[in-house]
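For reference, the structure is listed below as structure tokens.
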Amino acid sequence: QVQLVESGGGLVQAGGSLRLSCAASGRTFSTYAMGWLRQAPGKEREFVAGIRRSGSITAYADSVKGRFTISRDNAKNSVYLQMNSLKPDDTAVYYCAARRADLLGGPYEYWGPGTQVTVSS
């Protein structure tokens, strides 16, 4: 089992950048594929980005391609989401998630509590 905690959310103006971090507990972080998902008010949770165990393969939602970058550091038990050129539509609670199977996308088995990202226009 893995426990996840996100950090780095906040308020930013449109066009700005934020870097989200997710710290994982345990010594088996490298055995999980990881992902970032988000949920805006009144909307369903949606996939943002995913990364496989080694970090060499990633995937992105069309809405964030070219603006967001997912990465991981297995030595630090962490996964990151660099968000550039932020738009008001990116406003949401962002969740870090993990799954045992080395696949991109869900379903994810473990979730963090989330971190709020608000982009002002």
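Since we're looking at a predicted model, the values are computed, not measured. Throughout, numbering of the chain's residues begins at 1 and tracks the sequence.
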Within the 4.5 Å heavy-atom criterion, are Val117 and Arg38 side-chain neighbours or not? no
Any donor and acceptor pair, going by atom type alone, linking the side chain of Thr69 with main-chain N or O of Gln82 inside 3.5 Å? no
Euclidean distance, Lys87 NZ relative to Ser121 OG, rounded to 0.5 Å: 14.0 Å
Side chain of Arg67, backbone of Ser85: donor and acceptor closer than 3.5 Å? yes
Evaluate the side-chain proximity of Met83 to Trp36: yes if any heavy-atom separation is below 4.5 Å, no if none is. no
To the nearest 0.5 Å, atom OG1 of Thr91 lies from atom CD of Gln116 at 7.5 Å
Is it possible for you to say whether Val64 and Val12 belong to one hydrophobic cluster, with membership spreading through side-chain heavy-atom contacts below 4.5 Å? yes
Ser56 side chain to Ser54 main-chain N or O, any donor-acceptor pair under 3.5 Å? no
Rounded to the nearest 0.5 Å, what separation is found between the SG atom of Cys22 and the CG atom of Leu81? 10.5 Å
Checking Asp62 against Lys65 for the salt bridge (Lys or Arg N to Asp or Glu O under 4.0 Å) test, could you report, in this order, the C-alpha distance in whole Å, the side-chain angles of both residues, the deciding distance, and whether it holds? CA-CA 5 Å; Asp62 288 344; Lys65 277 181 184 176; 3.2 Å; yes
Minimum heavy-atom separation for Gly112 and Tyr95, please, with both atom names. O-CD2, 3.5 Å
So with a 6.0 Å cut-off around CD of Glu46, is the heavy-atom count from everything else above 12? yes
Indicate, with yes or no, if Tyr60 and Tyr80 share a hydrophobic cluster defined by side-chain heavy-atom contacts under 4.5 Å among Ile, Leu, Val, Met, Phe, Trp and Tyr. no
State, to 0.1 Å, how close Arg52 and Leu103 come at their nearest heavy-atom pair, and which atoms those are. CG-C, 4.5 Å
Is there a side-chain contact between Leu86 and Phe68, using heavy atoms and a 4.5 Å cut-off? yes
Main chain of Gln39, side chain of Arg45: is a donor-acceptor contact present, judged purely on distance under 3.5 Å? no
Rounded distance [0.5 Å steps], CZ in Phe29 versus CG in Leu4: 8.0 Å
Side-chain donor-acceptor contact under 3.5 Å, Arg99 with Tyr108: no
Taking Tyr94's backbone N and O only, do any of them form a donor-acceptor pair with Thr115's side chain (distance below 3.5 Å, no angle check)? no
Specify the closest pair of heavy atoms between Val2 and Ala24, including all atoms of both residues, with the distance to one decimal. CG2-CB, 3.7 Å
Please name the pair of heavy atoms, one in Leu104 and one in Ala59, separated by the smallest distance, quoted to 0.1 Å. CD1-CB, 3.7 Å
Should Tyr110 and Arg100 be marked as a side chain to side chain contact (heavy atoms under 4.5 Å, CB included) after you check the CA-CA gap, both sets of side-chain angles, and the distance that decides it? CA-CA 9 Å; Tyr110 305 99; Arg100 290 190 185 90; 2.5 Å; yes
When rounded to the nearest 0.5 angstrom, what is the spacing between CG in Asp90 and OG1 in Thr118? 11.0 Å
Under 3.5 Å: donor-acceptor pair, side chain of Arg72, backbone of Ala33: no
If I compare all heavy atoms of Ile70 with all of Gly35, which pair ends up nearest, and what's the gap? CD1-CA, 4.4 Å
Could you walk me through whether Trp111 and Leu37 satisfy the side chain to side chain contact (heavy atoms under 4.5 Å, CB included) test, starting with their C-alpha distance in whole Å, then the side-chain angles of each, then the deciding distance to 0.1 Å, before giving a yes or no? CA-CA 10 Å; Trp111 296 81; Leu37 298 92; 3.8 Å; yes
Nearest heavy-atom neighbours spanning Glu6 and Cys96: OE2-N, 2.8 Å
Looking at Arg53 and Thr31, would you say the former's side chain and the latter's main chain have a donor-acceptor pair under 3.5 Å? yes
